[in-house]
Amino acid sequence: MTNVQVPNRRDGRRTSMFKRQAERDEELAKRQREAEKKAREAAEKKRKEAKKKAREANRRKSTPSPSATATATPSATASASATPVPTPTVTASPTPTVTASPTPTVTASPTPTVTASPTPTPTPVPPVNDDGTPSHRFRSQADFSSDQMDVDNPVTEFLQTPQTAVVLKFFSRDLEFDDGNKFEIWSFESENSGRSLPGPTLRPKEGEIFHATFTPSKGAHTIHWHGMEPDPRNDGVGHTSFEIGETYTYQWQAELGRPGDPNYGAAGTYFYHCHVNTVLHAQMGMFGALVVDPTVHPDYPVSPGARRAFVDGPEYDIATECILVPYSVDARWHEMDHAAGLSGEDVGLNRFEPKHFYLLGGNLADPGDTDDRVWSLSTIQANVVPGERKPTLLRILNANYLPNRMYFTDAEGNPAQIAEIIAHDGRPFRDTSVPGVPSPPCSAAGYPLLTSLLSFGAAERYDVMLTPPSAGRYELRVEWEDWITGEILAKRTVPIIAT
């Protein structure tokens with residue numbers, strides 16, 4: 001006899017029941033989240049109103065009324081409520097009388113005399129729960145991250161006249177990459193840059209006052225000057241200052257370098273990016289290169305057509321200066337909205353799984369038409385060393401969330417030590433082995449840091465002088481690694497043409 005499996009209707013009903021229960025639970029959780037959000041908004045509104053009332057009350061208390069104005073005469077000491085009269089007798093109220101004698105002695109009635117000392121500001125009392133335990137304003141890091149101060153038009157304090165200024169705006173549009181794929185990109189644009197990825201390269205100088213006026217849209221944003229150290233209001237981190245609703249002018253001054261001193265100077269490669277929902281907004285494209293150039297020091301003049309990497313650093317050829325920006329795209333992230341994940345919900349921002357890998361950048365002296373396109377690196381032009389021209393400087397900025405390895409090779413793929421590292425994260429490599437004496441750059445000290453391999457991670461920057469010994473083709477191969485398994489996820493190669 002053959003056994004036949006008969007569907008159990010009770011199992012089907014039970015499955016359907018569980019499904020309905022799960023849907024009800026999800027709906028209940030959604031309503032609870034909405035209720036908590038409204039409660040937080042109401043509490044915040046109430047807190048702001050209370051703070052405003054407290055400020056107004058303190059202002060009224062600190063402003064003396066006409067009846068409390070003390071009037072002094074040569075023969076009388078003023079009390080809190082003294083009123084000038086023809087006689088030296090001052091009446092404070094219908095009951096108590098204060099008599100002013102020719103000496104500074106004041107006779108008070110048994111009723112306490114009111115003094116004119118400022119009313120002390122009451123000590124804030126921390127909020128408590130119904131059971132008397134302390135109440136924390138934020139229940140979680142997600143609450144804290146989503147409850148930053150949003151100011152429409154913050155005031156730039158101690159505003160000064162800038163030597164370098166730029167006006168930046170936010171843009172959002174689909175941009176096509178060099179492999180034909182299109183993704184929604186958010187980034188910055190200036191009057192001269194057009195809408196591109198990365199945002200426009202900004203180049204202030206050491207010692208100059210720098211202004212960046214930013215007008216965001218599609219929600220609040222900031223600009224964080226990654227690697228620089230302005231005051232908190234101008235650092236662009238919403239957690240320590242504010243998020244911008246309409247417009248704000250960032251102001252800061254890069255520190256002047258001193259020859260031979262590793263403790264001074266800001267010249268080097270940095271970058272700027274939005275610091276609101278940072279991990280998402282940076283992936284969406286809200287970043288750009290920030291290059292701080294040195295001011296020419298009289299002891300270190302500069303050759304025509306060249307620039308120094310830092311105050312006493314090596315000279316490089318301006319015409320072939322290049323920037324390389326590794327970047328990768330998780331297409332799922334580019335479907336999210338401005339505040340995804342900020343209310344504590346799991347939208348997957350802890351899972352970065354890119355399938356598209358790019359090398360952004362190009363020649364800094366002549367980037368070409370960057371309007372409405374992705375700025376992609378296709379070739380690096382390098383000068384032969386030694387030669388008639390100064391070496392080529394390659395600036396490297398990692399705007400990618402995965403570890404990268406970078407290999408310099410000859411045309412056959414053999415390692416070629418043609419990369420001299422001169423700075424990392426805006427800090428020059430110097431010989432600091434002898435305390436109390438000037439610290440020259442490593443190359444000037446006799447041991448240039450030559451390599452054929454670089455390994456680095458997110459947000460790291462390198463300044464590299466290219467030193468090909470002869471004309472011809474070299475290659476730069478970039479690999480993306482899985483940050484957990486170490487698996488090589490992608491490789492891209494760019495030719496280096498030495499002339």
Problem set entry | Check against side-chain contact (heavy atoms from CB on, under 4.5 Å), Asn383 and Thr320 | CA-CA 8 Å; Asn383 298 332; Thr320 56; 3.6 Å; yes
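- A 4.5 Å side-chain heavy-atom check between Val325 and Leu359 finds every atom pair outside the cut-off.
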Would you mind writing out the side-chain donor-acceptor pairs for residues 152-161 within the sub-3.5 Å range, not counting sequence neighbours?
unit_1 : atom_1 : unit_2 : atom_2 : d
Asn153 : ND2    : Glu246 : OE1    : 2.9
Thr156 : OG1    : Thr249 : O      : 2.6

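- The aromatic rings of Phe456 and Tyr462 sit perpendicular to each other, their planes meeting at more than 60°, with 30° as the lower class boundary.
- Closest heavy-atom contact between Asn350 and Asp346: OD1-OD1, 3.9 Å.
- A side-chain donor-acceptor contact under 3.5 Å links Glu460 to the backbone of Gly457.
- A donor-acceptor distance shorter than 3.5 angstrom exists from the side chain of Asn363 to the backbone of Ala319, with no hydrogens or angles considered.
- Note that NE2 of His338 is 11.0 Å distant from CE of Met284, once rounded to the nearest 0.5 Å.
- If you run ring-ring contact (aromatic ring centres under 6.0 Å, His included) between Phe177 and each of Trp375, Tyr358, Phe357, only Tyr358 comes through.
- In plain terms, the two heavy atoms of Asp231 and Gln251 that are nearest each other are OD1-O, 4.5 Å.
- No close placement of the Phe188 and Phe171 rings is indicated, their centers lying 6.0 Å or farther apart.
- Checked against the 6.0 Å centroid threshold, Tyr248 and Phe214 do not count as a close aromatic pair.
- Ring-plane geometry between Tyr401 and Trp333 is classed as tilted, the angle between the planes lying from 30 to 60 degrees on a 0 to 90 degree scale.
- Here Tyr327 and Phe287 bring their ring centres to under 6.0 angstrom of each other.
- Checking Asn414 against Thr409 by side-chain atom types alone, no donor-acceptor pair falls below 3.5 Å.
- Comment: Glu475 engages Arg473 in a salt bridge, judged by a side-chain N to carboxylate O separation of less than 4.0 angstrom.
- In this structure, His273 has its ring center closer than 6.0 angstrom to the ring center of His226.
- Between Asp371 and Arg195, the shortest heavy-atom contact is OD1-N, 3.0 Å.
- Annotation: the span from His211 atom NE2 to Thr164 atom OG1 amounts to 10.5 Å, rounded to 0.5 Å.
- Screening residues 199-228 for salt bridge (Lys or Arg N to Asp or Glu O under 4.0 Å) gives Glu184-Lys218, Arg203-Asp293, Arg203-Glu321 as the qualifying pairs, with residues at least two apart or on separate chains.
- Judged purely by distance below 3.5 Å, without hydrogens or angles, the side chains of Asp431 and Ser439 never pair a donor atom with an acceptor atom.
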Exercise. Should Arg405 and Ile488 be marked as a side-chain contact (heavy atoms from CB on, under 4.5 Å) after you check the CA-CA gap, both sets of side-chain angles, and the distance that decides it?
Worked result: CA-CA 10 Å; Arg405 286 182 180 270; Ile488 303 301; 5.7 Å; no
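- Put simply, the side chain of Glu345 gets close to the backbone of Ser343: a donor and an acceptor are under 3.5 Å apart.
- Annotation: side chain of Trp480 is not in contact with side chain of Pro354 (no heavy-atom distance under 4.5 Å).
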Problem set entry | Step-by-step side chain to side chain donor-acceptor pair (under 3.5 Å) determination, Arg389 to Thr499 | CA-CA 10 Å; Arg389 295 168 294 177; Thr499 56; 3.3 Å; yes
Problem set entry | side-chain contact (heavy atoms from CB on, under 4.5 Å) assessment of Ile421 paired with Thr451 | CA-CA 8 Å; Ile421 308 171; Thr451 186; 3.8 Å; yes
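- Within the 4.5 Å cutoff, the side chain of Ile496 has heavy atoms near those of the Phe408 side chain.
- The side-chain heavy atoms of Pro495 and Tyr474, taken from C-beta on, include no pair separated by under 4.5 Å.
- Using cut-offs of 30° and 60° on the angle between ring planes, the pair Tyr272 and Trp225 is tilted.
- For the pair Leu377 and Cys322, the minimum side-chain heavy-atom distance is below 4.5 Å.
- Judged by distance alone, the side chains of Glu243 and His275 never bring a donor and an acceptor atom under 3.5 Å apart.
- Atom NZ of Lys355 and atom CG of Leu489 lie 8.5 Å apart (nearest 0.5 Å).
- Separating the CG atom in Asp366 from the CD atom in Gln381 is a distance of 11.5 Å, to the nearest 0.5 Å.
- To the nearest 0.5 Å, the span separating NE2 on His281 from OG on Ser187 amounts to 12.5 Å.
- Between Leu394 and Ile380 there is a side-chain heavy-atom pair separated by less than 4.5 Å.
- The backbone N or O of Glu353 lies less than 3.5 Å from a partner atom in the side chain of Asp330, making a donor-acceptor pair.
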For this session: Would you sort out whether Asp312 and Arg430 count as a salt bridge (Lys or Arg N to Asp or Glu O under 4.0 Å), showing the intermediate values?
Result: CA-CA 11 Å; Asp312 56 346; Arg430 295 180 178 274; 2.7 Å; yes
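- Distance NZ/Lys38 to NZ/Lys45: 13.5 Å, rounded to 0.5 Å.
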Exercise. Hey, mind stepping through Arg492 and Asp179 against salt bridge (Lys or Arg N to Asp or Glu O under 4.0 Å) and telling me if it holds?
Worked result: CA-CA 12 Å; Arg492 294 199 70 161; Asp179 61 357; 5.7 Å; no
Problem set entry | Full working for side-chain contact (heavy atoms from CB on, under 4.5 Å) between Val291 and Arg395 | CA-CA 9 Å; Val291 176; Arg395 299 183 185 271; 3.5 Å; yes
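- Side-chain polar atoms of Arg461 and Tyr270 form no donor-acceptor pair below 3.5 angstrom.
- Leu324 is listed as a side-chain neighbour of Leu476, based on a closest heavy-atom distance under 4.5 Å.
- Remark: Lys169 engages no residue in a salt bridge (charged side-chain N to carboxylate O under 4.0 Å, His left out) (not counting sequence neighbours).
- With contacts defined as side-chain heavy-atom distances shorter than 4.5 Å, the pair Phe183/Asp174 does not qualify.
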